[in-house]
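What follows is a short report on a single structure.
Everything quoted here is computed from the prediction, not taken from an experiment. In what follows, every chain begins at residue 1, and chains take the letters A, B, ... in the order their sequences are listed.
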Number of protein chains: 4
Amino acid sequence: MIDKKIYSKKEVTIFNGVINLIKKGDNLYTIKVSDIAKSADIGKGTIYDYFGSKEETISKALIYYMNSEMESSYNRIMIKESFKEKYYEILLIIKDSYKSNLFIVSSILSSAGLKELYKHLADEGCNTNYFFSSINNIIVHLLETGKKDGIVTVEEDFYYFVMAIRGSVSTFSHYIGKKEYYKDINVEKAMDTSYKILLKSLK
Amino acid sequence: MIDKKIYSKKEVTIFNGVINLIKKGDNLYTIKVSDIAKSADIGKGTIYDYFGSKEETISKALIYYMNSEMESSYNRIMIKESFKEKYYEILLIIKDSYKSNLFIVSSILSSAGLKELYKHLADEGCNTNYFFSSINNIIVHLLETGKKDGIVTVEEDFYYFVMAIRGSVSTFSHYIGKKEYYKDINVEKAMDTSYKILLKSLK
Amino acid sequence: MIDKKIYSKKEVTIFNGVINLIKKGDNLYTIKVSDIAKSADIGKGTIYDYFGSKEETISKALIYYMNSEMESSYNRIMIKESFKEKYYEILLIIKDSYKSNLFIVSSILSSAGLKELYKHLADEGCNTNYFFSSINNIIVHLLETGKKDGIVTVEEDFYYFVMAIRGSVSTFSHYIGKKEYYKDINVEKAMDTSYKILLKSLK
Amino acid sequence: MIDKKIYSKKEVTIFNGVINLIKKGDNLYTIKVSDIAKSADIGKGTIYDYFGSKEETISKALIYYMNSEMESSYNRIMIKESFKEKYYEILLIIKDSYKSNLFIVSSILSSAGLKELYKHLADEGCNTNYFFSSINNIIVHLLETGKKDGIVTVEEDFYYFVMAIRGSVSTFSHYIGKKEYYKDINVEKAMDTSYKILLKSLK
DNA sequence: AATGAATGAGAATTCATTCAT
DNA sequence: CATGAATGAATTCTCATTCAT
């Protein structure tokens with residue numbers, strides 16, 4: 001497939017500097033190079049030894065992080081046995097990613113794309129395709145499990161199934177992002193509703 | 001309800017300056033005051049006669065625009081007769097908003113929120129609640145029509161219905177935002193699939 | 001001929017800022033933007049309102065100054081009547097330009113060129129040709145006067161005459177630049193020797 | 001006389017690194033330490049084992065090179081028999097030095113001095129006097145040959161002779177540095193003219 | 001002795017904001 | 001009121017120098 005880039009130790013240190021800032025709640029667009037340096041506990045100049053500009057640094061850090069998150073998410077899902085467990089795991093992943101300010105991930109799982117992020121991401125070889133296809137793999141896997149478990153019974157094309165899953169997942173993403181508007185709904189209820197909607201569309 | 005702010009002619013000129021920049025594809029976070037002035041065809045200083053800062057200017061422009069878009073969207077939907085027509089109109093509104101780079105709207109209809117936008121929006125009286133409740137109004141109206149048309153037959157609570165609609169709508173938002181990944185799916189197919197998923201969850 | 005650029009008041013202010021630094025003895029290559037701003041008594045940012053970079057600012061300041069110096073030099077020479085007076089005036093101009101650290105001028109009158117200066121000068125439309133041809137005009141004028149005064153009697157081509165003058169002038173430039181090596185030679189003696197050598201080559 | 005410094009192998013390696021950069025056309029004032037290291041094929045740190053700063057490194061490299069050039073120039077001139085041959089050899093040396101971007105030498109033979117170069121040169125024991133007196137030695141030698149050959153017949157003081165030679169030589173330096181302005185003059189013509197002017201002043 | 005990764009002081013550049021006109 | 005030239009604080013980026021290996 002698409003080969004994964006190998007990064008040097010220092011590059012990863014810098015990436016983590018960026019990620020921690022975002023986890024801390026810093027706005028992607030107002031991060032300063034000096035902040036990254038401080039966060040990574042290195043000199044400002046070092047960043048420029050490894051990347052050409054602030055934009056490149058942040059872009060690559062995001063790609064790197066999203067890919068590694070994707071990998072661990074993939075593993076979390078694979079470990080689970082049943083269709084239902086796997087689906088709920090996805091919802092939990094979204095919940096976790098939101099808590100750590102890395103909503104980017106779930107934001108991509110839903111509608112809003114990378115387009116708003118640094119143009120750099122588009123230019124660079126740094127494939128967001130890889131990211132997209134990883135999500136597809138997860139969806140394919142989920143569907144297969146669903147068929148095995150006798151949950152997916154409706155006859156539809158692949159696009160339908162992908163959208164059924166993405167749609168029901170997005171209801172939970174929306175809930176998580178706007179909890180304050182749904183004071184009387186707790187997380188379990190939101191998850192259950194998401195799952196209920198999914199089941200309907202797969203029967 | 002919540003009283004709508006009345007803006008002066010000049011304020012609206014400035015708002016349109018901001019909106020046109022975004023329609024042009026400029027990134028919300030990298031817009032310069034001088035860009036706004038040029039786009040609105042006024043002097044830079046004039047902006048500061050009406051707003052306290054760049055952040056405030058952009059924030060208020062967004063709120064203003066989203067509200068007016070919401071109003072016209074509301075009207076577009078009301079004009080339609082049947083549940084199906086109304087739903088398809090929502091999808092068309094999303095499609096239009098994407099074309100003009102004002103994905104913000106659909107981005108809010110789906111999961112990702114304003115949190116990433118200027119903090120200012122939160123502080124200011126400029127209620128995004130108003131925006132949120134407008135969408136809710138639309139959803140309520142749609143559900144009522146659905147019941148009248150005999151399409152909504154399942155017995156569920158309000159949260160379920162809201163999510164069913166938001167979920168199916170979000171599949172179309174996702175499609176529109178990532179058309180390049182779905183080369184073999186045309187807009188009609190995407191709309192039909194979205195509707196099909198919705199129907200399933202309402203039966 | 002080559003049309004002269006018209007510069008705005010502020011541009012000239014900036015140019016003078018640069019020139020004064022050089023007159024003060026600052027090295028062309030180590031001047032800082034903040035120095036220019038201070039020297040011109042304006043804000044740092046203003047420089048960037050009028051020029052694209054430090055390099056462009058300094059380059060254009062030099063061109064501007066050399067051209068204006070050339071003009072005043074031309075006038076100083078024209079005012080003089082005889083061949084001898086005109087020639088001595090050239091030597092005095094060199095002496096003055098050296099005192100004010102603007103040896104650039106005499107440095108160009110002699111061998112070393114602009115090549116060592118900012119590349120920018122080469123790129124830009126800013127013609128150094130104009131400068132070179134101005135010097136040529138002076139030489140032509142001097143030769144004509146020399147013929148009228150019966151001083152130029154040898155039959156040679158134009159290149160010979162140009163070089164005869166440039167050569168003898170350069171002896172004085174050299175003296176001025178290295179006075180400390182010629183402790184027993186005063187300025188008058190150096191001028192007289194320069195003129196004596198010139199006469200020899202024109203007879 | 002002035003005792004010549006003996007440099008270690010590594011020091012000479014570094015010097016050559018600097019010289020090659022200049023030969024390559026790099027600007028004296030914009031050379032970076034890392035460039036020198038790369039050019040000399042050594043580590044950056046090594047440079048600081050032998051010199052105290054970048055400035056010192058470049059200054060000493062220039063002195064070193066100028067001295068060695070002077071020595072070989074001296075030898076090239078000594079080998080020649082007649083006044084004319086010796087003079088033409090000087091012109092050829094200038095031509096060669098220009099080709100290799102080491103115009104410094106001829107730049108010093110003419111008017112513009114080291115003053116514009118690193119102050120360091122002045123401070124350091126590294127005598128530019130030595131360099132200046134070497135040129136004087138050559139001029140003295142040339143004059144003696146000229147008298148022997150019956151070319152120098154005019155009765156003048158030493159300063160006159162020095163300037164006569166420097167002046168005529170500078171015409172050729174100027175030509176070499178500005179060939180593009182003298183398209184219809186070839187090198188031989190420029191040399192002949194230089195010599196013709198010299199002869200006039202020595203008769 | 002030699003290296004080059006790491007540093008951070010310092011320089012260039014940007015742009016929100018002010019204010020004289 | 002409206003303007004946009006001017007500003008300088010804030011930020012990006014560079015590169016001489018150091019020092020652990």
Side-chain angles (χ1 to χ4, degrees), chain A residues 8-11 13-14 29-38 40-58, chain B residues 8-11 13-14 29-38 40-58, chain C residues 8-11 13-14 29-38 40-58, chain D residues 8-11 13-14 29-38 40-58:
Chain A
S8 77
K9 221 175 185 178
K10 190 68 53 155
E11 281 170 321
T13 302
I14 294 167
Y29 289 96
T30 56
I31 287 174
K32 284 173 273 174
V33 173
S34 60
D35 292 339
I36 299 174
K38 224 176 294 163
D41 199 30
I42 55 167
K44 237 184 321 159
T46 307
I47 291 169
Y48 289 91
D49 288 343
Y50 293 90
F51 304 98
S53 68
K54 182 179 82 155
E55 196 172 321
E56 185 188 329
T57 309
I58 296 177
Chain B
S8 76
K9 220 176 184 178
K10 191 71 47 150
E11 282 170 321
T13 302
I14 293 168
Y29 289 96
T30 56
I31 286 174
K32 286 177 258 172
V33 174
S34 61
D35 292 338
I36 298 174
K38 222 178 294 163
D41 200 28
I42 54 166
K44 241 184 314 166
T46 308
I47 292 170
Y48 287 89
D49 289 342
Y50 293 91
F51 303 99
S53 70
K54 181 178 87 155
E55 202 174 319
E56 185 189 328
T57 310
I58 295 177
Chain C
S8 77
K9 220 174 185 179
K10 190 71 48 153
E11 282 170 321
T13 302
I14 294 168
Y29 289 95
T30 56
I31 287 174
K32 284 174 273 173
V33 174
S34 60
D35 293 339
I36 298 174
K38 224 176 293 165
D41 198 30
I42 54 167
K44 239 183 320 157
T46 306
I47 291 168
Y48 288 91
D49 287 344
Y50 293 90
F51 304 98
S53 67
K54 181 179 83 156
E55 195 172 323
E56 187 189 328
T57 309
I58 297 177
Chain D
S8 76
K9 220 176 185 178
K10 191 69 51 152
E11 283 170 319
T13 303
I14 293 168
Y29 288 96
T30 56
I31 287 175
K32 287 177 258 172
V33 174
S34 61
D35 292 338
I36 298 173
K38 222 178 295 163
D41 200 29
I42 56 166
K44 242 186 312 170
T46 308
I47 292 170
Y48 288 88
D49 289 341
Y50 293 91
F51 303 98
S53 69
K54 181 179 88 155
E55 200 173 320
E56 185 189 328
T57 310
I58 296 177

Let me confirm one number: the [atom1]-[atom2] distance from [X] to [Y], rounded to the nearest 0.5 Å.
| X | Y | atom1 | atom2 | answer |
| --- | --- | --- | --- | --- |
| Thr57(A) | Tyr48(A) | OG1 | OH | 6.5 Å |
| Ile47(A) | Ser53(A) | CD1 | OG | 11.0 Å |
| Lys32(B) | Lys38(B) | NZ | NZ | 7.0 Å |
| Lys10(B) | Ile42(B) | NZ | CD1 | 6.5 Å |

Original post:
Of Asp49(C) and Tyr50(A), whose nearest nucleotide on DNA chain E comes first from the 5' end?
Top reply: Tyr50(A)
Subject >> 5' precedence on DNA chain E between Asp41(D) and Thr46(A) (nearest-nucleotide basis) >> reply: Asp41(D)
**OP:** Remember a base hit wins even if backbone is also touched, and classify Ile42(D) as base, sugar-phosphate or nothing at under 4.0 Å, heavy atoms.
**Re:** sugar-phosphate
**OP:** Please work out if Phe51(D) contacts a base, only the sugar-phosphate, or nothing of the nucleic acid, heavy-atom cut-off 4.0 Å.
**Re:** nothing
**OP:** Give a yes-or-no answer on whether the side chains of Ser8(D) and Glu11(D) include a donor-acceptor pair shorter than 3.5 Å.
**Re:** yes
**OP:** Please find the earliest and latest nucleotides of DNA chain F, in the 5' to 3' direction, that have an atom within less than 4.0 Å of any heavy atom of chain B.
**Re:** dA2(F) to dA6(F)
Subject >> Under the ring pair (Phe, Tyr, Trp, His ring centres under 6.0 Å) test, residues paired with Phe51(A) that sit two or more places apart >> reply: Phe15(A)
Original post:
Going 5' to 3' along nucleotides 9-14 of chain E, which nucleotides have protein heavy atoms under 4.0 Å from the base (write B), which only from the sugar-phosphate (write S), and which from neither (write -)?
Top reply: BBSSBB
**OP:** Taking Watson-Crick and G-U wobble pairs with both distances under 3.5 Å, convert DNA chain E into its dot-bracket string, 5' to 3', dots for unpaired and | for cross-strand pairs.
**Re:** .||||||||||||||||||||
Any idea which heavy atoms bring [X] and [Y] closest together, and the distance?
| X | Y | answer |
| --- | --- | --- |
| Ile31(A) | Lys54(A) | O-NZ, 3.0 Å |
| Ala37(D) | Gly43(D) | CB-C, 4.0 Å |
| Ile14(A) | Ala40(A) | CA-CB, 4.2 Å |

Subject >> Ile36(C) and Ile58(C), any side-chain heavy atoms less than 4.5 Å apart >> reply: yes
**OP:** Please report, rounded to the nearest Å, how far the C1' atom of dT3(E) is from the CD1 atom of Ile36(D).
**Re:** 16 Å
